[in-house]
Amino acid sequence: KGNLKPGRSPDGLPEGGDEAGFHDENGNRIKVYDDNFRDINGKKPGEKGFIPPGWLDAKGNLKPGMSPDGLPEGGYDDDYRDINGKRPGEAGFIPPSWIDAKGNLKPGRSPDGLPEGGDEAGFHDENGNRIKVYDDNFRDINGKKPGEKGFIPPGWLDAKGNLKPGMSPDGLPEGGYDDDYRDINGKKPGQAGFIPPGWLDAKGNLKPGKSPDGLPEGSYDDKYHDVNGKKVGDKGFLPPKKSAQARKNPDKAIEGLDEMGYDDDYVDQNGRKIGERGFIPPSWIDAKGNLK
């Protein structure tokens with residue numbers, strides 16, 4: 001009848017937006033796209049091997065550095081717009097992996113979408129690289145958030161979305177995090193004032209007994225995992241300072257700690273350091289975080 005379908009914005013797509021095959025007046029391929037877009041191989045957003053339009057030059061050739069295999073299943077980049085026209089990071093954004101083949105929201109997925117700044121492991125930047133740095137708004141490939149049991153950091157996955165060797169398929173324990181985590185103030189592990197995700201309740205407020213000043217510079221607790229996915233007490237564990245060195249020099253051998261080892265920067269589950277009254281060594285804690 002020529003009427004706008006329900007749920008379609010009367011404002012249309014954002015500047016430059018359109019579906020497959022569209023080129024602007026200068027012959028350049030569009031970048032912004034939605035679920036109706038089909039790539040050069042006929043694949044849709046979220047489908048394994050999907051190639052975003054921004055990965056192609058004006059002649060339709062793959063830009064340098066972009067994988068010819070395209071994105072992994074559920075993958076998209078920052079030019080993607082969801083079923084409501086929202087972009088990654090915008091409040092209420094719904095990733096393509098949350099939508100089934102019929103365009104309906106999959107069971108267990110929130111109709112409110114992700115919170116502002118939120119995203120999941122399928123996101124790739126404008127250069128086709130998988131994001132690594134994440135905060136409390138990040139959701140992993142299973143929809144889990146930092147600090148939730150089984151959470152898998154984006155840095156644990158390779159370019160194809162597979163788990164890197166040495167990384168636990170069970171993900172991190174409750175309250176777990178790694179070097180790429182950024183707290184509510186944007187601070188990273190080892191930075192003065194860093195607040196681990198386990199210090200926050202479900203509403204994002206500081207739990208009772210946790211210092212609002214966060215951890216001292218260079219400090220870490222039993223929930224921290226290094227560049228190799230190891231935690232304090234594991235043989236070869238690298239404290240934050242050494243883990244950062246290993247990231248910058250991946251080919252350089254950096255000696256870790258012995259099994260059950262820890263150093264002066266370790267802070268126990270009660271916020272105490274070695275030498276303080278009541279300090280609990282990591283060897284006193286079992287795999288579930290309980291006192292042996």
Side-chain angles (χ1 to χ4, degrees), residues 133-138 144-153 155-156 166-168 170-248 253-292:
V133 175
Y134 61 98
D135 61 9
D136 289 310
N137 290 320
F138 180 84
K144 292 186 176 181
K145 63 182 180 180
E148 195 170 356
K149 184 178 180 181
F151 171 77
I152 296 176
W156 285 31
M167 301 303 183
S168 170
D170 297 327
L172 293 174
E174 186 174 356
Y177 58 99
D178 67 357
D179 287 315
D180 294 319
Y181 176 71
R182 299 296 180 266
D183 71 8
I184 50 176
N185 300 312
K187 294 186 176 182
K188 61 184 178 182
Q191 196 169 359
F194 171 77
I195 296 176
W199 286 30
L200 304 176
D201 61 22
K203 295 183 178 179
N205 299 317
L206 203 66
K207 291 180 180 177
K210 300 298 183 182
S211 170
D213 297 328
L215 293 173
E217 185 174 359
S219 295
Y220 60 95
D221 60 10
D222 63 332
K223 303 301 183 185
Y224 167 75
H225 288 66
D226 68 14
V227 64
N228 300 312
K230 293 182 178 181
K231 67 180 187 299
V232 65
D234 291 340
K235 186 177 181 180
F237 167 75
L238 299 171
K241 292 177 182 177
K242 285 191 173 183
S243 185
Q245 292 176 7
R247 282 177 180 268
K248 292 179 181 178
I254 297 179
E255 187 177 357
L257 299 177
D258 295 330
E259 189 172 0
M260 295 301 172
Y262 59 99
D263 61 10
D264 290 330
D265 290 323
Y266 176 69
V267 175
D268 73 11
Q269 56 188 230
N270 298 312
R272 298 188 178 107
K273 302 192 77 169
I274 186 171
E276 288 188 62
R277 183 182 180 87
F279 172 76
I280 298 175
S283 59
W284 288 28
I285 306 298
D286 63 21
K288 294 184 178 180
N290 299 318
L291 199 64
K292 291 181 180 178

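All values reported here derive from a predicted model rather than from experimental measurement. Numbers here are sequence positions counted from 1.
- Counting only heavy atoms from C-beta outward, the side chains of Pro197 and Glu148 never approach each other to under 4.5 Å.
- By the salt bridge (Lys or Arg N to Asp or Glu O under 4.0 Å) test, Arg247 pairs with Asp179, Asp180, sequence neighbours left out.
- For the pair Leu215/Trp199, a side-chain contact is recorded, criterion being any heavy-atom separation below 4.5 Å from C-beta on.
- Expressed to the nearest 0.5 Å, how far CG of Asp222 lies from NZ of Lys231 amounts to 8.5 Å.
- Taken to the nearest 0.5 Å, the CD1 atom of Ile184 stands 7.0 Å off from the CG atom of Leu206.
- A pairwise comparison of heavy atoms in Met167 and Val227 identifies CE-O, 3.3 Å as the closest pair.
- Remark: Lys248 NZ is loosely packed, at most 12 non-hydrogen atoms of other residues, nucleotides or ligands lying under 6.0 Å away.
- Counting heavy atoms from C-beta outward, Tyr220 and Pro240 have side chains that approach closer than 4.5 Å.
- Here the shortest heavy-atom pairing between Asp201 and Lys207 reads N-CG, 3.9 Å.
- Using a 4.5 Å heavy-atom cutoff, the side chains of Asp265 and Pro239 are not in contact.
- Pro189 and Asp178 make their closest contact through CG-O, 3.4 Å (heavy atoms, listed as atom of the first residue, atom of the second, distance).
- Closest approach of Ser219 and Lys273 over heavy atoms only: OG-NZ, 3.7 Å.
- In Lys188, the NZ atom is not crowded: 12 or fewer heavy atoms of neighbouring residues, nucleotides or ligands sit closer than 6.0 Å.
- Separation of atoms NZ (Lys235) and NZ (Lys230) is listed at 8.5 Å; rounding is to 0.5 Å.
- Scanning both residues, Asp221 and Pro196, for their nearest heavy atoms gives OD2-CG, 3.7 Å.
- In this structure, Asp264 places its CG atom where only 12 or fewer heavy-atom neighbours from other residues, nucleotides or ligands lie under 6.0 Å away.
- The aromatic ring centroids of Phe194 and Tyr224 lie 6.0 Å or more from each other.
- Side-chain contact check for Trp284 versus Asp268: every heavy-atom pair is 4.5 Å or farther apart.
- Taking the six-membered ring for Trp and the full ring otherwise, Tyr181 and Phe151 have centroids separated by 6.0 Å or more.
- In this structure, the separation between CZ on Arg272 and CZ on Arg277 is 9.0 Å, given to the nearest 0.5 Å.
- The CG atom of Leu238 lies 4.5 Å from the CG atom of Asp226; values are rounded to the nearest 0.5 Å.
- For the pair Lys241 (side chain) and Gly190 (backbone), a donor-acceptor distance under 3.5 Å is absent.
- Listed here is the closest heavy atom pair of Ile285 and Gln269: CD1-NE2, 3.3 Å.
- To the nearest 0.5 Å, the span separating CD on Glu217 from NZ on Lys187 amounts to 10.0 Å.
- Under a cut-off of 6.0 angstrom, the local environment of CG in Asp258 is sparse, with at most 12 non-hydrogen atoms contributed by other residues, nucleotides or ligands.
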